[in-house]
Structures are given as C-alpha cells and as structure tokens.
Amino acid sequence: LLASQAPTVADARALLGERIAPPPVLVIVAPDGSLSVADAPDARPLEPHGGAVRFDDVRFGYDHDREILHGISLEIPAGRTVAVVGPSGSGKSTLLGLLAGLDTPSSGSVCLDGHDLFSLDEDGRAVLRARLLGFVFQSFQLLPALNAEENVMLPLELAGNAGASGLAVAMLRRVGLGERLRHYPK
C-alpha cells in the first residue's frame, strides 16, 4: 500500500503508475472521510476471508463530533498494489494505521490475511504485523548508515527471513527503486 497526497486521480496515476507495474489500484479518501476505488479490475464484493486485506464498515473518530472515516468497506486481494490517495487530513494515515492494528476503529472490522485484527490482543497484532506488513512512513524512519537495500533487508532479517536480500531487491525494483539499491538516505 502506498499513500499519496496527489490532488487528482490522474495526478496520482501519473506519479505512481510510471514507477509501479502493474499500475496500482487507487483508493481515494475524500476530505469527508468517504472512500472510492478507481480502476479496480480485481474488485470483488466482500467475502469472509476472501482477501489479504478487508475493511468491513469501518468507522474511526476521535470523539462524537469528529469522525475521520465513515463506514469504509474494501477488499484488497493478495499481491495487488494499492495506492491510497487524498488531500491532507482526509484519513489516509488513519486508514493505514487501522490496517496495521496501530489504531482501533470506533466500529467495524479489519481483517488481515483472514485474521480479525481487533479480536487479537496487542501482542497478537504485533506478531501478525511483523509477519505480514511493511511500512515506509512519511518520515521514512531509515537508518542513515544503511543503503536502500540494507534498510529494506533489516526487518526481513530480524524476522528470520533467509532470502532477505533477494526479497528486498525485488520489492525495491517493483516500486521503481532498482537503480538506487546502493544509495544512502539523505
């Protein structure tokens, strides 16, 4: 999943589509917290345990007056690249935080690989996160002494993945960074 503040679907497609093959499905979070999907050839109705990621009528808010996400229902099949786009403050980071189990929805369910995240305790969510998710945060959180490949390899190696280097290279190439494997963060 990628997040972008591109102002329009065309801008997001131009920005992300050039670097990622096949072009990503765009999940658009509107300023009012509603969600739509653009060019989703793999879109399917919600099915129990049908997708790698599933949001079912998810709502999130900080109090009764400030609901950020309004009844989000979305399924993303395994292996599909998705870009979450929308203006600043629309709920993109909140959506990703819910996917990771870092934030708790006001209502609804979030399933990852068939597991209802919020039926698990924090330790259970952490184990699932370590096994299934990787995030590049807005502030990147990269280690300056490691190059791009090494920064991507680090969590894979910590998880005991023997093929960390090959997987890191493949993922960096997939997002258009194959020529920057030996580059260091600035």
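Keep in mind that the numbers below use all heavy atoms, side chains included, and drop hydrogens, waters and symmetry copies.
How far CG of Asp116 is from OG of Ser109: 5.5 Å, rounded to the nearest 0.5 Å. Between the CG atom in Asp113 and the CG atom in Leu117 there is a gap of 10.0 Å [rounded to 0.5 Å]. Atoms CD1 and NZ, from Ile68 and Lys92 in turn, are 11.5 Å apart once rounded to the nearest 0.5 Å. The distance from the CG atom of Asp103 to the OG atom of Ser93 is 9.5 Å, given to the nearest 0.5 Å. The SG atom of Cys111 lies 10.0 Å from the CZ atom of Phe118; values are rounded to the nearest 0.5 Å. Summarising the geometry, atom CD1 belonging to Ile76 is positioned 4.5 Å from atom CG belonging to Leu74; distances are rounded to the nearest 0.5 Å.
Judged as a side chain to side chain donor-acceptor pair (under 3.5 Å), and not counting sequence neighbours, the contacts of Glu122 are Arg125, Arg129. Applying the side chain to side chain donor-acceptor pair (under 3.5 Å) criterion to Ser106, with sequence neighbours excluded, gives no partner residue.
In this structure, the side chains of Met171 and Leu167 come closer than 4.5 Å at one or more pairs of heavy atoms. Using a 4.5 Å heavy-atom threshold, the side chains of Phe55 and Leu95 count as touching. For the pair Asp57/Arg59, a side-chain contact is recorded, criterion being any heavy-atom separation below 4.5 Å from C-beta on. Annotation: side chain of Val152 is not in contact with side chain of Leu154 (no heavy-atom distance under 4.5 Å).
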Can I get a per-line list of side-chain donor-acceptor pairs under 3.5 Å for residues 176-184, giving both atom names and the distance, sequence neighbours left out?
residue : atom : partner : partner atom : Å
Arg182  : NH1  : Glu149  : OE1          : 2.1
Arg182  : NH2  : Glu149  : OE1          : 3.4

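The backbone N or O of Asn147 sits less than 3.5 Å from a side-chain atom of Glu150, completing a donor-acceptor pair.
Residues Pro185 and Asn151 come closest through the heavy atom pair CG-ND2, 4.1 Å. For Leu99 against Val110, the heavy-atom pair with the smallest separation is CA-CG1, 4.2 Å. The minimum heavy-atom distance linking Leu98 with Thr104 is given by the pair CD2-C, 3.7 Å.
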